[in-house]
Amino acid sequence: MAGSTFGSTITSIIVFLPVLFLPGIIGALYRELALTVSFSLAASFFVSITLIPVLYNLTAKRETAATHRQAGYSLTAHILATGKTGSFPEVFYRKLLILILKRRYILIAAVCLLAFGSICLLKIIRFRFMPPSPSSQLVVDVVPEAGTNMQRIKDISGSLSGMLLTYPEIKSIYCRAGAEPDDTYFISNPEESRETIHFFLNVPDPRALKRLKNRLEENLHIQDAEARVHTPADIILKLLKITGPGEKFVIEMDSLTDAAYYREKLTVKITRSGYFERVYVEPYGKMPEIYLEPDRAEISRTGISVRRLAGIIRASVYGQYPTRITLGGKKYDVRLRLPEDERNSIETLNRIVFTDDRGSPITVGRLVKISKVDTDSSLMRINRKDAVYLTTREKANYRKQADILLKLMQKKYPQLKSVSGSVFSGYLPSIILTFAVALLLLYLFLGAQFESFTEPLILLITLPLSLMGVIPMLILGGSSLNLNSVLGILVLFAISVNNAIVLKDTIKRRTGKTGRSDINSILESSAERLRPILITTATTIAALIPTAFNIFGESPQSSLALAVIGGLSVSALLTLFVIPAVSLKKNQAPPGIQVKENGK
């Protein structure tokens with residue numbers, strides 16, 4: 001069995017090789033996992049062919065060849081000696097396999113039915129780029145109205161901090177707002193374009209997290225501000241700009257007017273459906289701005305450049321830092337600007353006085369026309385287009401209807417694109433290439449091992465069979481089809497093909513060593529490998545159950561484990577029937593199939 005064991009190990013390692021070359025964040029995320037699994041498999045194979053035989057030889061009872069013959073070392077010898085065909089599972093399996101070999105249409109119908117069911121379930125499963133990560137924190141985002149002054153923001157922060165500390169579930173709080181001018185991450189994040197105050201709540205008890213979230217959503221009402229309560233986004237999603245509660249969409253248009261039109265239109269449609277709690281929009285609201293329109297004719301007569309004029313107005317309003325002073329051993333910047341009562345209105349700005357090159361006093365109102373207008377609080381550009389973000393949060397009882405509505409709206413309005421879907425689409429060619437390379441390497445290695453071009457195709461039949469159990473198990477476990485579950489499918493390919501390799505290798509050895517027909521060899525080989533296949537499948541599933549169903553706490557790898565469990569369960573069962581059926585020649589499975597049983 002060393003040959004089949006070696007083949008199983010190499011095929012598992014081969015599947016993980018393309019993962020090492022995935023680009024971007026997903027490559028960095030899963031590269032170490034692929035290396036860890038590959039080295040673990042290699043070490044496991046080395047132990048299985050060295051240490052395990054030695055330990056077995058030291059602990060097992062010494063038996064002679066005559067004892068083996070008397071006890072029935074092979075299935076055929078056991079049948080001839082005792083008149084029995086094995087244990088109940090083996091007897092039942094042999095009878096069922098004979099029935100399948102007589103009536104192959106039963107197997108074909110079962111496979112087609114499973115495939116059709118899986119395809120239908122694709123319409124109802126949720127798609128995400130990454131699964132939600134477990135957290136012991138809650139985040140409260142407070143978004144004041146555009147143009148709110150700093151004193152009001154300070155008052156909101158103080159009052160809300162005091163109110164949050166009254167909840168016994170919250171152990172500690174820290175708050176963050178704004179960013180440094182050179183912090184490119186926050187500057188490029190559209191959510192930070194608004195004056196947002198972030199409160200991070202440490203909740204040690206994970207069972208109280210959801211209950212506290214619901215209470216805060218009901219009780220948080222802040223005047224002139226909007227409050228959002230959500231769990232913190234995964235660090236990977238932050239790097240990909242997929243953050244915030246709910247599903248995020250982006251509208252990209254050639255002009256700001258078109259982007260604003262579709263923003264209003266789609267926001268109204270989503271809100272009126274009644275399936276969503278809130279629809280968040282970025283950029284949000286209006287912000288007052290002061291427009292200065294230069295009188296170029298007057299400016300040319302005075303000899304003052306527009307650049308100099310702009311610098312004078314900026315220095316008067318914002319100020320300059322001409323020097324620094326030292327007080328008490330500490331250095332302080334000296335800020336020089338007009339008093340607040342001389343720069344807090346259009347009238348006072350018009351009265352700002354400065355001198356021209358000849359030393360004559362000139363007022364700002366003589367050279368520029370100052371007006372106050374309301375504009376969008378911020379502008380966003382994506383792919384050289386004006387962009388608007390819509391973030392939806394569906395109601396708990398209308399999740400299915402909300403998903404259907406959003407999918408229909410994306411089909412009707414191509415301008416509306418899912419942010420996570422766009423990111424996934426960007427990585428999709430690399431993911432497809434990874435699967436293609438893995439399948440090609442599997443085919444080449446299996447072809448070399450079995451010295452055939454057709455037998456690897458028979459073994460690779462198990463791969464699409466395993467997919468039939470993935471989607472139902474993800475839905476049963478309440479998970480989504482995401483990057484982790486896709487990786488689980490890749491892991492599943494490595495595991496499911498191993499059963500086929502061992503079964504096919506056993507069939508090939510029996511066919512080559514005995515003079516009996518392929519039918520009897522296939523039946524005995526299949527019965528012989530029944531228990532090992534079921535045991536390895538059961539142990540793998542048992543090891544993954546705690547992760548899949550979050551028995552010991554919520555795990556981000558739950559979707560990966562669910563994909564492997566569902567696919568492996570279906571693959572193992574179908575492999576026990578499909579591989580023997582496909583291995584038979586067309587003229588060796590007539591309706592009156594003859595099988596040697598009970599020594600007759």
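Sequential numbering from 1 along the given sequence is applied to the chain's residues.
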Sequence neighbours left out, cut at 3.5 Å: what donor-acceptor pairs do the side chains of residues 33-43 make with other protein atoms?
{"residue": "Thr36", "atom": "OG1", "partner": "Glu32", "partner atom": "O", "Å": "2.8"}
{"residue": "Ser38", "atom": "OG", "partner": "Ala34", "partner atom": "O", "Å": "2.8"}
{"residue": "Ser40", "atom": "OG", "partner": "Thr36", "partner atom": "O", "Å": "2.7"}

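- Counting only heavy atoms from C-beta outward, the side chains of Ser496 and Leu463 approach each other to under 4.5 Å.
- Minimum heavy-atom separation, Leu560 to Asn484: CB-O, 3.5 Å.
- Between Val111 and Met468, the closest side-chain pair of non-hydrogen atoms falls below 4.5 Å.
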CA sep, side-chain torsions, deciding dist, call: Leu446, Glu455, side-chain contact (heavy atoms from CB on, under 4.5 Å): CA-CA 8 Å; Leu446 294 175; Glu455 288 194 4; over 6 Å; no
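- Atom CD1 of Ile565 sits about 5.5 Å away from atom CD1 of Ile545, to the nearest 0.5 Å.
- Within the 4.5 Å cutoff, side-chain heavy atoms of Leu562 are placed close to those of Phe549.
- In terms of heavy atoms, Arg31 sits closest to Leu22 at NH2-O, 3.0 Å.
- Atom NE2 of His230 and atom CD of Glu217 lie 10.5 Å apart (nearest 0.5 Å).
- Side-chain N/O atoms of Ser12 and Asn498 include a donor and acceptor closer than 3.5 Å.
- Using a 4.5 Å heavy-atom cutoff, the side chains of Phe453 and Tyr443 are in contact.
- Note: Phe16 and Phe493 fail the aromatic proximity criterion, with ring centroids not under 6.0 Å apart.
- The CG atom of Leu20 sits 14.5 Å away from the OH atom of Tyr30 when rounded to the nearest 0.5 Å.
- The shortest side-chain heavy-atom distance between Leu490 and Val486 does not fall under the 4.5 Å cut-off.
- A distance-only check finds a donor-acceptor pair linking the side chain of Tyr93 to the backbone of Leu576 [under 3.5 Å].
- Within 6.0 Å of the CZ atom in Phe445, the count of heavy atoms belonging to other residues, nucleotides or ligands exceeds 12.
- At distances below 3.5 Å, not a single donor-acceptor pair connects side-chain atoms of Ser418 with backbone N or O atoms of Phe249.
- Taking 4.5 Å as the limit, every side-chain heavy atom of Leu101 sits out of range of all side-chain heavy atoms of Phe577.
- The two residues Ser480 and Ser485 come nearest to each other via the heavy atoms O-OG, 3.6 Å.
- Distance CD/Glu169 to CZ/Arg215: 4.5 Å, rounded to 0.5 Å.
- Distance alone, capped at 3.5 Å, places no donor-acceptor pair between the Asn499 side chain and the Ile495 backbone.
- One distance of note links CG of Asp505 with CG of Leu459; it measures 9.5 Å at 0.5 Å rounding.
- Inspection of the Ser559 and Asn482 side chains reveals an N or O donor paired with an N or O acceptor under 3.5 Å.
- In plain terms, the two heavy atoms of Ser526 and Pro580 that are nearest each other are OG-CG, 3.4 Å.
- Side-chain contact between Ser48 and Phe45 is present, with heavy atoms from C-beta onward closer than 4.5 Å.
- At least one side-chain heavy atom of Leu216 sits under 4.5 Å from a side-chain heavy atom of Leu201.
- Counting non-hydrogen atoms of other residues, nucleotides and ligands closer than 6.0 Å to NZ of Lys407 gives a total above 12.
- Side-chain atoms of Ser571 do not come within 3.5 Å of backbone N or O of Leu568 as any donor-acceptor pair.
- Here the shortest heavy-atom pairing between Ala438 and Ile14 reads O-CG2, 4.2 Å.
- In this structure, the separation between OG on Ser558 and CG on Leu474 is 8.5 Å, given to the nearest 0.5 Å.
- Nearest heavy atom pair, residue Leu121 against residue Pro472, reads CD1-CG, 3.6 Å.
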Evaluation steps, side-chain contact (heavy atoms from CB on, under 4.5 Å), between Ile431 and Leu483: CA-CA 9 Å; Ile431 296 174; Leu483 201 58; 3.7 Å; yes
Criterion side-chain contact (heavy atoms from CB on, under 4.5 Å) on Val203 and Tyr167, from CA distance to verdict: CA-CA 10 Å; Val203 184; Tyr167 287 86; over 6 Å; no
Can you give the donor-acceptor pairs under 3.5 Å from side chains of residues 535-544 to other protein atoms, not counting sequence neighbours?
{"residue": "Thr536", "atom": "OG1", "partner": "Pro532", "partner atom": "O", "Å": "2.9"}
{"residue": "Thr536", "atom": "OG1", "partner": "Ile533", "partner atom": "O", "Å": "3.0"}
{"residue": "Thr537", "atom": "OG1", "partner": "Ile533", "partner atom": "O", "Å": "2.7"}
{"residue": "Thr539", "atom": "OG1", "partner": "Ile535", "partner atom": "O", "Å": "3.0"}
{"residue": "Thr539", "atom": "OG1", "partner": "Thr536", "partner atom": "O", "Å": "2.9"}
{"residue": "Thr540", "atom": "OG1", "partner": "Thr536", "partner atom": "O", "Å": "2.8"}

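- Using a 30° and 60° split on the angle between ring planes, Tyr174 and Phe200 fall in the parallel class, below 30°.
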